Undergrad: 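I'd like to ask some things about the structure below.
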Amino acid sequence: MDSEEIDEMEETAIDEEDENSDETNDSDETDDDDPDTIGDDEVIGEEDESLPFAKAEVVRLMKQNLDSDKMIRERVKVEMNRFLGDVLKSVCKQLNEYPYTTIEYEMLKESTYPYTNIERINQEKERILLHLEAIKADCNALAMDVKKTLRQKDVIEEDEDFQEI
């Protein structure tokens, strides 16, 4: 073998190694003291089996939606997978409450509403809280008016009592 063939083989091996590390453990820092991280050589056999979705797919979707400079720890990958599985179970539980044997799209939309419209729900919550604060302020103002009115009425009645004597 000449040096060009060796250089080519080394580049191919490096490229394959980079691709493999991108797929399995991209952006993970390894630290022997940190139990949340996994090195390139370690594999989580038991946890992979209990995950509801393929970890590679969840990680790919996370990377698509995160900034490119973000690094994802192994524990985050696993917990995101479990969270998505819990959301799926919750939606399915709600779908099971329907008496029908066929699940229609409208049923799915209704069951996923809390997850797909969280921003709208939070805005409505803020609007309601602001409205309640305004009502509370009105109630406080009315209470002060009532107390003031009762005090004046008491003073007028006392004045009348003194005049009779």
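Worth saying up front: this structure is predicted, and the values here are computed from it rather than measured. Computed from heavy atoms alone, side chains included, the values below leave out hydrogens, waters and symmetry copies. Along the sequence shown, residues are numbered consecutively beginning with 1.
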Undergrad: Please identify each residue that fulfils side-chain hydrogen bond (donor to acceptor under 3.5 Å, both in side chains) with Glu79, with sequence neighbours left out.
TA: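 Testing Glu79 for side-chain hydrogen bond (donor to acceptor under 3.5 Å, both in side chains), a comparison that skips the adjacent residues, returns Arg82.
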
Undergrad: Does atom OH of Tyr113 have more than 12 heavy-atom neighbours, drawn from other residues, nucleotides or ligands, at distances under 6.0 Å?
TA: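 Above 12, so yes.
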
Undergrad: Indicate the atoms forming the closest heavy-atom contact of Gly85 with Pro52, along with that distance.
TA: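 Taking every non-hydrogen atom into account, CA-CG, 3.6 Å.
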
Undergrad: Do Asn81 side-chain atoms and Leu51 backbone N/O form a donor-acceptor pair below 3.5 Å?
TA: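 Looks like no, no N/O pair under 3.5 Å.
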
Undergrad: Could you check whether any side-chain heavy atom of Tyr98 comes within less than 4.5 Å of a side-chain heavy atom of Ile103, counting everything from C-beta outward?
TA: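 They are not in contact (no side-chain heavy atoms under 4.5 Å apart), so the answer is no.
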
Undergrad: For residues 97-118, which residue pairs pass the salt bridge (Lys or Arg N to Asp or Glu O under 4.0 Å) check, not counting sequence neighbours?
TA: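 For residues 97-118, and leaving out neighbouring residues, there are no salt bridge (Lys or Arg N to Asp or Glu O under 4.0 Å) pairs at all.
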
Undergrad: Can you confirm whether Val58 sits close enough to Lys77 that some side-chain heavy atom of one is under 4.5 Å from a side-chain heavy atom of the other?
TA: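 No, their side chains stay 4.5 Å or more apart.
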
Undergrad: Can you name the residues that form a side-chain hydrogen bond (donor to acceptor under 3.5 Å, both in side chains) with Arg120, not counting sequence neighbours?
TA: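 Arg120 satisfies side-chain hydrogen bond (donor to acceptor under 3.5 Å, both in side chains) with no other residue.
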
Undergrad: Say whether Met144 and Ile135 are linked into one hydrophobic cluster, either directly or through other cluster members, by side-chain heavy-atom distances under 4.5 angstrom.
TA: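 No, separate clusters.
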
Undergrad: Minimum heavy-atom separation for Ile121 and Pro114, please, with both atom names.
TA: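 Closest heavy-atom pair between Ile121 and Pro114: CD1-CA, 3.8 Å.
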
Undergrad: Can you name the side-chain contact (heavy atoms from CB on, under 4.5 Å) partners of Asp67, sequence neighbours left out?
TA: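 side-chain contact (heavy atoms from CB on, under 4.5 Å) list for Asp67, sorted by chain: Asp69, Lys70.
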
Undergrad: Excluding sequence neighbours, so at least two apart, what forms side-chain hydrogen bond (donor to acceptor under 3.5 Å, both in side chains) with Ser90?
TA: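 Once residues adjacent in sequence are excluded, the partners of Ser90 under the side-chain hydrogen bond (donor to acceptor under 3.5 Å, both in side chains) criterion are Tyr115.
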
Undergrad: Would you name the heavy atoms of Lys55 and Val78 that are closest together and state the gap between them?
TA: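 So the two residues come closest at CD-CG2, 4.5 Å.
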
Undergrad: Check side-chain hydrogen bond (donor to acceptor under 3.5 Å, both in side chains) between Gln123 and all other residues, then give those that pass, not counting sequence neighbours.
TA: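 If we apply the side-chain hydrogen bond (donor to acceptor under 3.5 Å, both in side chains) test to Gln123, skipping adjacent residues, there are no hits.
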
Undergrad: Given the rule that I, L, V, M, F, W and Y join up when any side-chain heavy atoms are under 4.5 Å apart, are Leu95 and Tyr100 in one cluster?
TA: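 In one cluster: yes.
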
Undergrad: Are more than 12 heavy atoms, taken from residues, nucleotides or ligands other than Gln64, located less than 6.0 Å from that residue's CD atom?
TA: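 Check passes, neighbour count above 12.
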
Undergrad: To the nearest 0.5 angstrom, please state how far the NZ atom of Lys148 sits from the CG atom of Leu150.
TA: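 Between Lys148 NZ and Leu150 CG, I get 12.5 Å after rounding to 0.5 Å.
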
Undergrad: Does the side chain of Val76 reach to within under 4.5 Å of the side chain of Met62, using non-hydrogen atoms?
TA: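 Yes, at least one pair of side-chain atoms sits under 4.5 Å.
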
Undergrad: Between Val87 and Thr112, is a side-chain contact (heavy atoms from CB on, under 4.5 Å) present by the stated rule, with each step listed?
TA: CA-CA 9 Å; Val87 170; Thr112 59; over 6 Å; no

Undergrad: Mind checking the CD-CG spacing from Glu124 to Leu129? Nearest 0.5 Å is all I need.
TA: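 It is 10.0 Å, given to the nearest 0.5 Å.
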
Undergrad: Give me the atom names and distance for the closest heavy-atom approach of Ile72 to Lys63.
TA: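 Nearest heavy atoms, Ile72 then Lys63: CD1-CG, 3.9 Å.
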
